[in-house]
Q: 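Below is a structure I'd like to ask you about.
The model shown is predicted, which means the values in this text are computed figures rather than measured ones. When a ligand or atom number is given, it counts from 1 through the structure's own listing order.
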Amino acid sequence: MKKIAVLTSGGDAPGMNAAIRAVVRAAIYNGVEVVGIPRGFSGVMRGDTIAMNLGSVADIIQRGGTILYTARSEEFKTREGQEQGAQALRQAGVDGLVVVGGDGSFHGAQVLDRLGVATIGVPGTIDNDIPCTDETIGFDTAVQTAVEAIDKIRDTATSHERTFVVEVMGRHAGDLALTVGLAGGAESILIPEIPFQLEDVIAKLERGVARGKRHSIIVVAEGAGSGIEIGKYLQHHTGFDVRVTVLGHIQRGGPPTARDRMLASQLGSHAVALLLAGEHGKMVGVEHGQLHAVDFDTVFATPRTPDQELFDLADKLSI
Ligand code: F6P
């Protein structure tokens with residue numbers, strides 16, 4: 001292997017820069033040339049590459065976002081686009097590729113791998129919705145950001161004796177809402193994977209009021225419903241003073257936590273080690289503290305379910 005490329009794709013996540021740094025430095029450490037591809041698979045199709053050296057990734061381990069930019073490319077989903085991309089990589093002399101992104105990005109990564117460009121995926125998304133790894137890069141930071149926001153909301157909720165609905169990200173996955181809800185002491189947590197009735201949320205709110213509770217926080221994953229609509233419903237059916245906060249993209253930014261920087265450093269470096277060992281068509285992950293690699297097909301076929309025990313615990317502790 002002579003030249004490795006690295007790209008970031010899909011929604012950005014804090015720690016992606018630390019992953020880029022790890023790939024670049026691990027490649028150079030092993031005497032391999034390394035380039036960055038800007039704007040994910042759109043950049044692949046255009047044959048864009050940026051030469052990377054040790055200094056290109058200096059001072060980025062602590063920065064959120066991605067210095068390589070990111071994109072969701074519709075064109076790359078077509079067979080023509082994919083062949084054009086593989087061809088462009090070959091022309092640029094790239095024989096190994098590291099894709100940092102989520103599930104959608106790994107489908108693109110697998111296609112390129114099958115078209116002859118040895119590819120390894122590194123899981124990076126705040127959603128934590130990738131199977132075969134305990135955690136994805138960016139999740140820990142997003143949890144921290146959202147919990148800090150909830151702590152602040154709790155102050156004003158207490159002062160005004162209000163009910164707050166806090167909408168967090170997670171179009172298809174409730175991991176963020178569940179973790180944030182448990183760590184933030186929410187009364188109810190609504191996630192897309194576990195069916196719920198707003199009547200049960202109301203009953204819980206009313207039980208709380210009956211025992212003297214004056215404020216409540218309900219955490220909603222965006223995929224479970226609109227926080228604004230849920231807030232209106234609750235206000236209408238309880239008469240309580242309800243406010244809604246949609247945390248939105250604030251959850252995607254900010255300096256990565258130490259844990260995300262560590263994870264990104266380990267996974268990025270492991271991805272390079274695998275390519276150099278001749279392995280490809282896999283995602284790197286960490287399970288029970290151990291780095292490992294899993295075929296993309298296995299990743300795609302493994303169901304990803306939220307932690308029911310954590311969900312039950314949050315429910316139990318918020319009676
Ligand atoms: O996949 C990460 C994520 O932040 C989701 O939680 C969210 O639904 C989505 O991306 C929003 O994406 P964008 O702002 O890029 O449209």
Q: What protein heavy atom lies closest to atom 6 (O) of ligand 1? Include the residue and the distance to one decimal.
A: Asp127 OD1, 2.6 Å
Q: Start with the C-alpha distance between Glu135 and Arg259, add both sets of side-chain angles, then the distance that settles salt bridge (charged side-chain N to carboxylate O under 4.0 Å, His left out), and finish with yes or no.
A: CA-CA 10 Å; Glu135 207 154 301; Arg259 183 157 146 186; 2.6 Å; yes
Q: Among all the protein's non-hydrogen atoms, which is closest to atom 14 (O) of ligand 1, and how far away is it?
A: His249 NE2, 2.5 Å
Q: Touching ligand 1 at all, Gly170? Heavy atoms, strictly under 4.0 Å?
A: yes
Q: Measure the distance from atom 7 (C) of ligand 1 to every protein heavy atom, then report the residue, atom name and distance (to 0.1 Å) of the closest one.
A: Glu222 OE2, 3.0 Å
Q: Looking only at protein heavy atoms, which one is nearest to atom 4 (O) of ligand 1, and how far off is it?
A: Arg252 NH1, 2.8 Å
Q: Please test Asp295 against Val299 for side-chain contact (heavy atoms from CB on, under 4.5 Å), starting from the C-alpha separation and ending with a verdict.
A: CA-CA 6 Å; Asp295 284 342; Val299 176; over 6 Å; no
Q: At what distance is the nearest protein heavy atom to atom 9 (C) of ligand 1, and which residue and atom is it?
A: Arg171 NH2, 3.5 Å
Q: Between Glu187 and Lys213, does any side-chain N to carboxylate O distance fall below 4.0 Å?
A: yes
Q: Should the pair Asp241-Arg162 be classified as a salt bridge under the 4.0 Å nitrogen-to-oxygen rule?
A: yes
Q: Are Phe296 and His107 close enough that their ring centers fall under 6.0 Å?
A: no
Q: Contact between ligand 1 and Arg72 is defined here as a heavy atom of the residue under 4.0 Å from a ligand atom; is it met?
A: yes
Q: Closest approach of Asn17 and Arg63, non-hydrogen atoms and distance?
A: ND2-O, 3.1 Å
